[in-house]
Number of protein chains: 2
Amino acid sequence: MEKDKTVSNTTIRRLTKYYRYIEELNSKNVKIVSSYTLGKMMGISPSLIRQDFNAIGEFGRQGHGYQLDTLKQEIGNFLGLNKVHNMIVIGAGNLGQTLANYDGFDKVGFPIKALFDINPKLIGMKINGVEIIDLDNLKSFIKNNNIDIGILCVRKHCVQEMTDILVDAGIKGIWNFSATDINVPDDVKVENVNFSNSLFTLSYLMNDKYNLA
Amino acid sequence: MEKDKTVSNTTIRRLTKYYRYIEELNSKNVKIVSSYTLGKMMGISPSLIRQDFNAIGEFGRQGHGYQLDTLKQEIGNFLGLNKVHNMIVIGAGNLGQTLANYDGFDKVGFPIKALFDINPKLIGMKINGVEIIDLDNLKSFIKNNNIDIGILCVRKHCVQEMTDILVDAGIKGIWNFSATDINVPDDVKVENVNFSNSLFTLSYLMNDKYNLA
DNA sequence: TAGATTGTTAATCGATTAACAATC
DNA sequence: TAGATTGTTAATCGATTAACAATC
């Protein structure tokens, strides 16, 4: 509703990180933090932290710092963490099952409501209380269970096909763990977790050539 | 050996992505590609692609484009993908086992040689042919098996402890899947895969406020 | 040769840092 | 009040885009 100036992608990524550190400090019963202290903890310049916070609001107290509960609330609101996002997993293989077994997402308001697969041997099984359902029932399940996010954990050769099914079923966001990029219409949002990109980046960093003085 | 001007982090990430697309084109028996075509496929401007390629060498052919096999080799070399990187997994829980079950890393020269855990029930088991070993044997295993990369898949409360053990054992790179950031000396390289950061970014993108016209 | 596309420089755009007045 | 730290503007730095001469 308010007129927001656009916030850059780099700032968004840092905001998600601030949020983690804020929760950490919260659990240690810290009540207030300065941009200097937070910057020291996170390896980010105090100046940049203030720029980031001011990009989404104005909630510091001059001469004191930032109240952690306000900070958490403001960043959480901005990132959309104030509401529940129901998720489903497409592909009940190793990775899909691992994600279903992890309770951390549920705890922060991102519960996994079902896994979908085409393998008849898997259908009907429960993983950590979450049922594996036949892919044929995807569309109605999404509608009836208020599903926002589809987690893609399928093999390369059927990634786009599964994406199209999700889009057709009205999904709003796709968390893509598969090895390929996907094409979606503009109103569907995609976040990729690409293991290969990540591993190859690590490889580069470890490269001797790079590490010359 | 050559004097390399530093290549920016954004360029590195894109290079890993080019590499994926090049392999894809390779498998379709394409032999040559122009920055224009590749840019169209990847949603990156041709100009930026040429800048990226020229940051690591000079291997296009004016009027024609880039030979895919040269391109693959040059980028691969630059990223350090020309040699085998032996890996181990710390923490043989769900995620650790899932990674061990995935053969894709092995195929590109990043084999997982062992999993480590402290749970006696797990020790001795094999996952996809990879043994789960007692953490006590970590140091000697790293030395004797030429291990480069440690994959961290442990719970928050022992992440830093495990990191210190890895560092002490002489690991060169850490692929960190745990929920917290870690501290390492400068000569140890870290690449984080933080699910929470990624999920929260997706949450932001799906946020209505952001999607106002 | 003519056409296409690179390699590279210059121009623009955006993100980070520095600095400091405002103020708690 | 004095000290501390924010909010914000200006300066710097870096990354992307545009343009075009070089050349295959």
Side-chain angles (χ1 to χ4, degrees), chain A residues 2-18 21-22 25 30-75 78 201 204 210, chain B residues 2-18 21-22 25 30-75 78 201 204 210:
Chain A
E2 313 115 39
K3 109 179 143 187
D4 288 311
K5 40 197 160 194
T6 334
V7 174
S8 75
N9 192 266
T10 49
T11 295
I12 300 299
R13 302 267 161 194
R14 278 192 302 270
L15 285 170
T16 67
K17 201 175 162 188
Y18 297 138
Y21 277 82
I22 290 163
L25 289 168
V30 180
K31 297 291 176 208
I32 199 162
V33 74
S34 71
S35 56
Y36 176 83
T37 311
L38 192 59
K40 215 50 179 289
M41 286 178 66
M42 299 180 61
I44 297 179
S45 85
S47 191
L48 186 51
I49 291 180
R50 295 203 298 280
Q51 294 278 21
D52 283 341
F53 289 174
N54 280 95
I56 68 170
E58 191 173 313
F59 34 79
R61 199 159 148 245
Q62 276 163 125
H64 294 260
Y66 298 89
Q67 204 83 23
L68 279 171
D69 50 3
T70 315
L71 206 48
K72 185 178 170 186
Q73 179 137 330
E74 294 280 347
I75 297 178
F78 183 79
T201 301
Y204 167 74
Y210 166 82
Chain B
E2 315 115 38
K3 107 180 145 185
D4 290 310
K5 40 200 159 191
T6 334
V7 175
S8 74
N9 192 266
T10 48
T11 294
I12 301 301
R13 301 268 163 195
R14 278 192 302 269
L15 286 170
T16 66
K17 200 175 162 187
Y18 297 137
Y21 277 83
I22 290 161
L25 288 168
V30 180
K31 296 290 176 209
I32 200 162
V33 74
S34 72
S35 56
Y36 176 83
T37 312
L38 191 58
K40 213 55 178 286
M41 285 178 66
M42 298 181 62
I44 296 179
S45 85
S47 191
L48 186 52
I49 290 180
R50 294 202 300 279
Q51 292 279 21
D52 285 339
F53 289 174
N54 281 95
I56 68 171
E58 192 173 313
F59 34 79
R61 200 160 148 244
Q62 276 161 126
H64 294 260
Y66 299 88
Q67 203 84 22
L68 278 171
D69 51 4
T70 315
L71 206 47
K72 183 178 170 186
Q73 180 139 329
E74 293 281 346
I75 297 179
F78 183 79
T201 301
Y204 167 74
Y210 166 81

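The sequence lines fix the lettering, A, B, ..., with proteins before strands; numbering per chain opens at 1.
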Q. Side-chain N or O of B/Ser35 less than 4.0 angstrom from OP1 or OP2 on C/dT6?
A. yes
Q. For A/Asn54 and D/dT8, what is the distance between atoms CG and P respectively, to the nearest whole Å?
A. 6 Å
Q | Smallest separation among heavy atoms of A/His64 and A/Ile32, with atom names | A | CB-CD1, 4.1 Å
Q | Side-chain heavy-atom pair A/Phe78, A/Val7 within 4.5 angstrom cut-off | A | yes
Q. Are B/Lys17 and B/Tyr21 close enough, and set up right, to give a side-chain hydrogen bond (donor to acceptor under 3.5 Å, both in side chains), and what steps lead you there?
A. CA-CA 6 Å; B/Lys17 200 175 162 187; B/Tyr21 277 83; 5.2 Å; no
Q: Measure from the side chain of A/Glu58, starting at C-beta and using heavy atoms only, and say which of D/dG7, C/dT17, D/dT6 lies closest.
A: D/dG7
Q: Among the candidates C/dT17, C/dT16, D/dT17, find the nucleotide nearest to the side-chain atoms of B/Leu48.
A: D/dT17
Q: Would you indicate, yes or no, if D/dT16 has its OP1 or OP2 atom less than 4.0 angstrom from a side-chain nitrogen or oxygen of B/Ser45?
A: no
Q: Using atom CD of A/Gln62 as one end and atom P of D/dA4 as the other, report the distance to the nearest whole Å.
A: 15 Å
Q: Over 60° means perpendicular and under 30° means parallel, so classify the ring planes of A/Phe53 and A/Tyr18, tilted if in between.
A: perpendicular
Q: To the nearest Å, give me how far apart CZ (B/Arg13) and P (D/dG14) are.
A: 19 Å
Q: Report yes if the side chains of B/Leu38 and B/Leu25 come closer than 4.5 Å at any heavy-atom pair, otherwise no.
A: yes
Q | Touch class at under 4.0 angstrom, heavy-atom based, for B/Arg50 against every strand present | A | base
**Q.** Shortest non-hydrogen contact between A/Arg14 and A/Asp52, atoms and distance
**A.** NE-OD2, 2.6 Å
Q: Report which part of the nucleic acid B/Thr11 touches: base, sugar-phosphate, or nothing (heavy-atom distance under 4.0 Å, all strands).
A: nothing
Q: Can you tell me which stems DNA chain D forms, taking runs of 3 or more consecutive Watson-Crick or G-U pairs with both distances under 3.5 Å?
A: C:3-24 with D:3-24
Q: Using the closest heavy atom to pick a nucleotide of DNA chain D for each, name whichever of A/Gly65 or A/Gln51 lands nearer the 5' end.
A: A/Gly65
Q) Taking for each residue the nucleotide of DNA chain C bearing the nearest heavy atom, is the 5' side occupied by B/Ser47 or by A/Ser8? A) B/Ser47
Q: Round to a whole Å and report the spacing from OH of A/Tyr36 to C1' of C/dA18.
A: 16 Å
**Q.** d(CE, B/Met42; P, D/dT16) in whole Å
**A.** 13 Å
Q) Can you find a pair of side-chain heavy atoms, one from B/Glu58 and one from B/Asn54, that are under 4.5 Å apart? A) yes
Q) Among A/Thr11, A/Asn9, A/Leu15, whose side-chain contact (heavy atoms from CB on, under 4.5 Å) with A/Arg13 holds? A) A/Asn9
Q | Whole-Å gap separating C1' (C/dG7) and CZ (B/Phe53) | A | 13 Å
Q.
From CD1 of A/Ile32 over to P of C/dC24, roughly how many Å is that when rounded to an integer?
A. 14 Å
**Q.** Nearest-Å distance for atom pair CD1/C1', residues B/Ile49 and C/dT8
**A.** 16 Å
Q. Are OP1 or OP2 of D/dT16 and a side-chain N or O of B/Arg14 less than 4.0 angstrom apart?
A. yes
Q: Using a cut-off of strictly less than 4.0 Å, decide whether A/Tyr66 has a side-chain nitrogen or oxygen near OP1 or OP2 of D/dG7.
A: yes
